[in-house]
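The block underneath contains the structure these notes are about, expressed in structure tokens.
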Amino acid sequence: MRIAIVLLNYNGYKDTLKCLAALSKQTFTNFQIVLIDNGSNDFSIIELSRIKDVIFLREQTNHGFAGGVNIGIKYSM
């Protein structure tokens, strides 16, 4: 079984990049990362869309924490 890791970003691409760097150091490798940008209006779209091996979903509006995470969960299922 493959695990889905759902990450939510909103105007915080620097922190999100740090989180992704930490995840890349994990010994467990049977996972996919679903990264949702939750309507950011900074440089997050530009910076995060460049990342390879991550499923990147861009939302036009901010759905709040639960709404944004639910988008990633639904995609993963």
Side-chain angles (χ1 to χ4, degrees):
M1 177 193 301
R2 191 159 198 203
I3 303 294
I5 298 173
V6 177
L7 292 180
L8 188 62
N9 177 75
Y10 176 71
N11 291 334
Y13 71 91
K14 291 179 183 177
D15 292 331
T16 301
L17 290 173
K18 289 178 188 176
C19 182
L20 290 167
L23 287 170
S24 72
K25 296 176 183 175
Q26 298 301 304
T27 56
F28 181 80
T29 59
N30 192 20
F31 64 87
Q32 68 177 9
I33 298 172
V34 180
L35 173 58
I36 299 95
D37 183 79
N38 208 11
S40 293
N41 54 21
D42 64 355
F43 293 104
S44 290
I45 303 300
I46 295 166
E47 295 297 326
L48 299 176
S49 64
R50 298 177 185 175
I51 300 169
K52 306 238 186 288
D53 300 324
V54 171
I55 297 166
F56 183 66
L57 305 175
R58 179 181 177 192
E59 292 297 312
Q60 297 295 319
T61 59
N62 187 326
H63 299 281
F65 179 78
V69 169
N70 282 339
I71 291 167
I73 292 169
K74 287 178 185 176
Y75 179 88
S76 298
M77 296 176 85

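If you're wondering where the values come from, they're calculated on a predicted model, not measured in any experiment. Numbering of residues begins at 1 and proceeds along the displayed sequence. Hydrogens, waters and symmetry mates are skipped; everything else that's a heavy atom, side chains included, is used.
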With a cut-off of 3.5 Å and sequence neighbours excluded, list every side-chain donor-acceptor pair involving residues 51-62.
unit_1 : atom_1 : unit_2 : atom_2 : d
Glu59  : OE1    : His63  : NE2    : 2.9
Asn62  : OD1    : Asn38  : ND2    : 3.1
Asn62  : OD1    : Gly64  : N      : 2.6

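- With sequence neighbours excluded, the residues that form a side chain to side chain donor-acceptor pair (under 3.5 Å) with Thr16 are Asn9.
- Note on Leu17 and Ile45: same hydrophobic cluster, where clusters join Ile, Leu, Val, Met, Phe, Trp and Tyr whose side-chain heavy atoms are under 4.5 Å apart, directly or indirectly.
- Residues satisfying the side chain to side chain donor-acceptor pair (under 3.5 Å) criterion with Asn41, sequence neighbours excluded, are Asn11.
- At least one donor-acceptor pair under 3.5 Å links the side chain of Ser49 to the backbone N or O of Ile46.
- No path of Ile, Leu, Val, Met, Phe, Trp and Tyr side chains, each step under 4.5 Å between heavy atoms, connects Leu7 with Ile36, placing them in separate hydrophobic clusters.
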Under 3.5 Å, which donor-acceptor pairs do the side chains of residues 25-35 form with other protein atoms, sequence neighbours left out?
unit_1 : atom_1 : unit_2 : atom_2 : d
Gln26  : NE2    : Ala22  : O      : 3.3
Asn30  : ND2    : Met1   : O      : 2.8

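- Between atom CG of residue Leu20 and atom OH of residue Tyr13 there is a gap of 14.0 Å, rounded to the nearest 0.5 Å.
- Rounding to the nearest 0.5 angstrom, the gap separating the CG atom in Leu48 from the NZ atom in Lys14 is 12.5 Å.
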Using atom types as modelled, flag every donor-acceptor pair under 3.5 Å from a side chain in residues 66-77 to any protein atom, sequence neighbours excluded.
unit_1 : atom_1 : unit_2 : atom_2 : d
Asn70  : ND2    : Ala66  : O      : 3.2
Ser76  : OG     : Gly72  : O      : 2.8

